[in-house]
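In this text, all values refer to a predicted model and were calculated from it rather than measured experimentally. Proteins get letters first, then strands, A, B, ... in listed order; numbering begins at 1 in each.
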Amino acid sequence: MYCRLDRADAAARAAMRLAQPNFFLTFDRLGIDPFTQRFAITLIAEGTVRGTGGIRLTGDDCATTVPGLYAAGDAATRELICGGFTGGGSHNAAWAISSGGWAGQAAARHARSHSGGARIRRTVPVGGAGLRPTGTPGPADGFREVVAAVQGEVLPYRKNYLRHGDGLAASLRALDDTWHRLRATLYAGDGDAVRARQAAAMVAHARWMYTAALARTETRGMAKRLDFPAQDPGQHHRIVTGGLDRVWTRPEPLTTAPREVA
Amino acid sequence: MIELVSAERCIACDKCVKVCPTNVFDRGPDGVPLLSRREDCQTCFQCEANCPVDALFVAPVTHPLPDDRAVRDERHLDRTGLLGSYRRHIGWGHGRTPGALRAVGPRLPAPDGRPPAPPITS
């Protein structure tokens, strides 16, 4: 599919260049004038960057359900500012800056609240997946296989964009297998500990994503189901998900939901 | 994807090493960053935007290009104005006007209450 921005007049062209230098960067480097020349377009999965949802916030200071952990930006849920749809660049940028400020202040306050200082606390390592396998550790580059397995279930449009209950369930079975395998074997040693942990987090995230998608048997906002194309007024709520070895979901009522009109 | 790290221009400030969200670089023995995990590059251009001496070039494609391509030819990139062009466009760097100040954003409603023109944004 090809595109050309041929309806922008001279003033709009100049304004667009000033407002979105990032957009024109690619065209300038490829030697394409997007206002006069056709360019190929495609869909690309940006994960949660242009999505909604994220780590659940429990307070105005961006606190989470984990004491001392504060979430900001794309990692934190943006449902609070834009509901079931992405906010786009402006909302998301404003959210990144403001939530980062609030979360940072709260984290500093939390660190200061420890008598004797946060640095001299006794800490206990608790991370499991990717760090402390329950069985015989696999190869040090096992994270590559894990990442490829997640990508195989979340990148194809027919699985993640054209969502259907059957496909979601099949992907979830594959991801569950990957999770249980990595729990037993994924270990990368000190050098690539972060990459192994990231790979484990991708699997956990994908399982939360598809479990929540299966729990929403309707189409609402960015959550679309081919097998449930209509919006169901009975599901006007958020879905909270979590869990590692066993993933769970539960509906969370909206505190600001408009009253039902008879 | 990151294509060029100019050892000649690099001042070993480590900014790219620190700013890369996917940890592509390691500081080399002489301070010049090494592309240790190039396949993790997401083509976000952050390293290039933060390089104070325009020593980096990110090609606008998400896969590595063949070795003989012009994107690794520093003199060609310099001559054609491509090297450092992102920083120039966003107005980052000493003596420049930040792009955020020049951007056309949403206008406030007029005093007579007429709605403003829709903003050009994404």
Side-chain angles (χ1 to χ4, degrees), chain A residues 5 7-9 11-32 34 39-40 42-50 73-75 86-94 96-97 141 143-144 147-148 151 155 188 191-199 202, chain B residues 1-4 20-24 26 36-37 39-40 42-49 56-63 65 69-72 76-77 80-93 96-107 116-122:
Chain A
L5 306 180
R7 293 190 200 170
D9 61 20
R13 292 179 188 194
M16 285 167 77
R17 277 202 170 269
L18 289 174
Q20 294 291 348
N22 291 356
F23 175 77
F24 291 95
L25 172 66
T26 301
F27 292 110
D28 291 344
R29 293 196 173 178
L30 291 173
I32 296 170
F39 52 91
T42 187
L43 289 167
I44 188 162
E46 284 194 319
T48 56
V49 173
R50 284 290 166 116
D74 286 337
T86 178
S90 46
H91 296 62
N92 289 350
I97 294 165
D141 66 346
F143 59 86
R144 292 186 203 282
V147 169
Q151 289 177 330
L155 291 184
D192 278 321
V194 171
R195 298 178 102 188
R197 191 70 170 160
Q198 285 172 335
M202 286 171 71
Chain B
M1 186 168 263
I2 177 87
E3 287 287 350
L4 176 80
C20 175
T22 53
N23 199 25
V24 163
D26 279 326
S36 301
R37 287 160 293 274
E39 70 277 13
D40 285 352
Q42 295 181 327
T43 320
C44 76
F45 299 95
Q46 281 301 303
C47 57
E48 204 189 302
L56 304 169
F57 186 77
V58 179
V61 289
T62 54
H63 51 83
L65 294 168
R69 293 292 286 262
V71 289
R72 299 227 185 112
H76 165 79
L77 292 172
T80 51
L82 286 172
L83 202 58
S85 57
Y86 184 36
R87 243 164 43 92
R88 204 162 56 239
H89 282 132
I90 58 177
W92 287 20
R96 289 175 173 159
T97 305
L101 293 179
R102 299 188 298 142
V104 180
R107 255 167 287 174
I120 294 173
T121 179
S122 65

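Atom CZ in B:Phe45 sits 8.5 Å away from atom CG in A:Asn22 (nearest 0.5 Å). We find the CG-CG distance between B:Asn23 and A:Asp192 to be 9.5 Å, quoted to the nearest 0.5 Å. Atom CG in A:Leu25 sits 7.0 Å away from atom CD in B:Glu48 (nearest 0.5 Å). Distance check: B:Arg102 CZ to A:Arg17 CZ gives 11.5 Å after rounding to the nearest 0.5 Å.
Taking the side chain as every heavy atom from C-beta outward, B:Asp40 and A:Arg195 approach each other to under 4.5 Å.
Heavy atoms closer than 4.5 Å to chain A are found nowhere in B:Thr62, neither backbone nor side chain.
No donor-acceptor pair under 3.5 Å is formed between the side chain of A:Arg29 and the backbone N or O of B:Val61.
Looking at every heavy atom in both residues, B:Leu82 comes nearest to A:Asp28 through CD2-O, 4.3 Å.
The local environment of CD in B:Gln42 is sparse, with at most 12 non-hydrogen atoms from other residues, nucleotides or ligands closer than 6.0 Å.
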